[in-house]
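Here is the naming used below: chain letters follow the sequence lines, and residue numbers restart at 1 for every chain.
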Amino acid sequence: MSAVRTRYAPSPTGYLHIGGAWAAFFDWLFTRHEDGAFILRIEDTDRSRSTQEFEAAILEDFRWLGITWDEGPDVGGPVGPYRQTERAEFYTQYAREMVERGAAYPCYCSEAELDQERQTARAAGKPYRYSGRCRTLTAQQTAALEAEGRRPSLRLRVTNLSEQIVVDDLIRGRVIFEPEHLDDYIIVRSDGSPLYNFANVVDDHLMEITHVIRGSEHLSNTPRQFVMYRALGWTPPAVAHLPTILGQDRKKLSKRHGDTALREYKAQGYLPEAILNFFALMAWHPEGEREIYEVSELIRSFRLEDVGAASPIFDVEKLTWLNGVYMRRAIDTDLDRVVDLCAGILAREGLLTGPLTPNQGQYLGQVIAVVGERLKIGQDIIAYADFFFRDVTYEPAAAAKHFNGASAPLLDAYAGALAALPAFDRASIEAALREVCARARVDARALIHPARVALTGKTAGPGLFELTELLGRERAVDRLRRAAQHAQGVA
RNA sequence: GGCCCCAUCGUCUAGGGGACCAGGACGCGGCCCUCUCAAGGCCGAAACGGGGGUUCGAAUCCCCCUGGGGCCA
């Protein structure tokens with residue numbers, strides 16, 4: 001029994017973003033592969049930016065993706081609480097303990113004084129390291145500084161360290177840090193709040209985390225944390241540093257790159273299984289020369305050692321292609337789900353109001369069936385099928401190309417033919433159109449294209465006869481007549 | 001500025017000394033299908049950053065450079 005325990009520790013200072021979701025997914029895949037426990041811990045020590053709304057949104061986004069957790073702020077667990085703001089007593093307790101053992105000491109240096117040190121170091125062309133001036137304060141000096149009203153921060157005593165710090169990263173291999181680059185760093189601020197590196201170590205230890213899997217931006221923090229584990233007499237967990245997902249400009253993916261919040265993709269009508277499948281293809285590749293994988297397959301074949309160390313660039317086009325694959329599958333196997341997805345998007349666009357009635361749902365299902373494989377993401381329903389839900393607006397280029405003196409009489413004749421049709425089904429509709437063209441001795445395309453613009457306003461979209469049938473006789477005839485007049489006016 | 005990480009087609013990747021004049025996928029181009037678009041099928045262009053080593057043999061191992069990224073300041 002492996003008893004693997006891992007955690008993902010988001011800060012509720014914003015929505016779950018792509019990079020975070022991806023990292024959490026790999027963490028989760030590893031944990032599920034090892035049959036371990038996946039823990040969610042909320043790092044909300046930055047009280048000014050953390051909100052309950054963001055925390056709730058993050059949990060909601062994980063649920064939507066299908067990433068499940070065994071312990072967390074909502075479900076609790078044996079080593080809680082799972083929010084750092086509720087764990088203050090632990091940080092205080094271990095900080096005090098370290099001071100008592102001499103592993104940490106109070107530092108009274110002011111921000112201004114530290115700035116001075118930095119300036120001096122910079123002027124001398126040397127890297128800045130804390131001078132350690134408070135390391136050996138006498139009781140008298142301390143009392144004097146306290147009397148000045150100064151509140152101390154707490155620093156870890158590390159400067160006397162002589163051995164290298166060896167980090168055996170599960171993805172990167174052995175990474176060595178020289179001790180002389182470390183200084184006595186702050187673990188608790190003068191206001192009593194713990195610093196990230198400190199709270200993190202205390203929590204990971206208390207929560208019995210066996211594997212810390214996180215972004216590579218934390219690799220530089222690792223030696224400091226390892227030193228802290230040593231100072232506390234604890235054994236550090238195994239670590240693995242994932243690469244960072246980059247934007248098209250090779251910079252860390254951020255708001256500048258457009259949509260980075262997971263829920264923005266949800267809003268556009270991306271499917272969670274497509275996103276997960278896409279995630280699996282960044283910095284890793286499952287066994288096999290395929291692109292489509294079930295989550296169960298991913299869990300089975302996931303190995304941290306196979307994860308690449310190079311930073312992948314986020315490629316929305318590939319994600320969209322994958323989504324199309326899953327969308328087609330969903331249309332075949334679970335049309336209701338796609339109906340719900342599209343209904344939400346249509347409602348947001350104002351094309352559908354109020355709760356979806358059974359009739360509307362059924363109609364939307366038919367619309368989706370007609371749009372078919374053109375629907376790559378939910379939002380495409382607007383581009384391909386808005387005319388089913390509102391009046392047509394001609395795309396200027398489309399009207400200019402297809403409405404003219406030649407098409408006007410054809411459109412008019414076709415409107416008449418459809419109005420007279422005994423049965424309004426797609427076979428009859430097609431026969432009617434071909435009949436009109438045969439009589440006028442023109443190729444069917446001479447009417448098909450103008451008719452499409454007349455009915456949809458566009459040059460691209462679903463098959464003409466299918467969409468005409470679904471539009472219904474009344475709207476079809478009406479739109480054709482109006483287009484005929486429009487074309488006549490042009491000519 | 002210091003430290004650390006990284007480096008195969010435009011992009012995601014396979015490759016872990018001979019199986020590679022480098023495979024798959026997205027995207028791109030062409031053809032087929034076809035009422036448009038999409039989907040699908042077929043074909044095509046497209047990469048081992050540079051330089052030194054090690055070796056009979058390097059995309060694969062080592063070093064340097066270059067380039068990119070991150071952390072700290």
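A:Y196 and A:N221 share no donor-acceptor pair across their side chains, judged by distance under 3.5 Å alone. Under 3.5 Å, the side chains of A:T320 and A:Y270 contain a donor-acceptor pair of N or O atoms.
A gap of 9 Å separates the P atoms of B:C42 and B:A25, to the nearest Å. For the C1' atom pair drawn from B:A59 and B:G23, the interatomic distance equals 13 Å after rounding to whole Å. Between B:G50 and B:C28, the two C1' atoms lie 29 Å apart (nearest whole Å). Between B:A7 and B:C62, the distance separating the two P atoms is 11 Å to the nearest Å. Taking atom P in both B:U11 and B:C56, the straight-line distance is 37 Å, to the nearest Å. Comparing the C1' positions of B:G18 and B:C64 gives an interatomic distance of 27 Å, to the nearest angstrom.
At the heavy-atom level, A:E180 lies nowhere under 4.0 Å from the strands shown.
With salt bridges taken as basic N to acidic carboxylate O contacts below 4.0 Å, none links A:R475 and A:D478.
For RNA chain B, the neighbouring residues in residues 449-462 of chain A, judged by any heavy atom under 4.0 Å, are A:H449, A:R452, A:T459, A:A460, A:G461, A:P462.
With A:D184 as reference, A:R135 is the one residue of A:R155, A:R135, A:R133, A:R157 to meet the side chain to side chain donor-acceptor pair (under 3.5 Å) rule.
Side-chain proximity of A:R374 to B:A38, B:C6, B:G24: nearest is B:A38. Which of B:G70, B:C12, B:A38 sits closest to the side chain of A:E217 comes down to B:G70. The side chain of A:Y384 lies closest to B:C37 when the candidates are B:A25, B:C6, B:C37.
Ring to ring, A:F302 and A:F26 are close: their centroids are under 6.0 angstrom apart.
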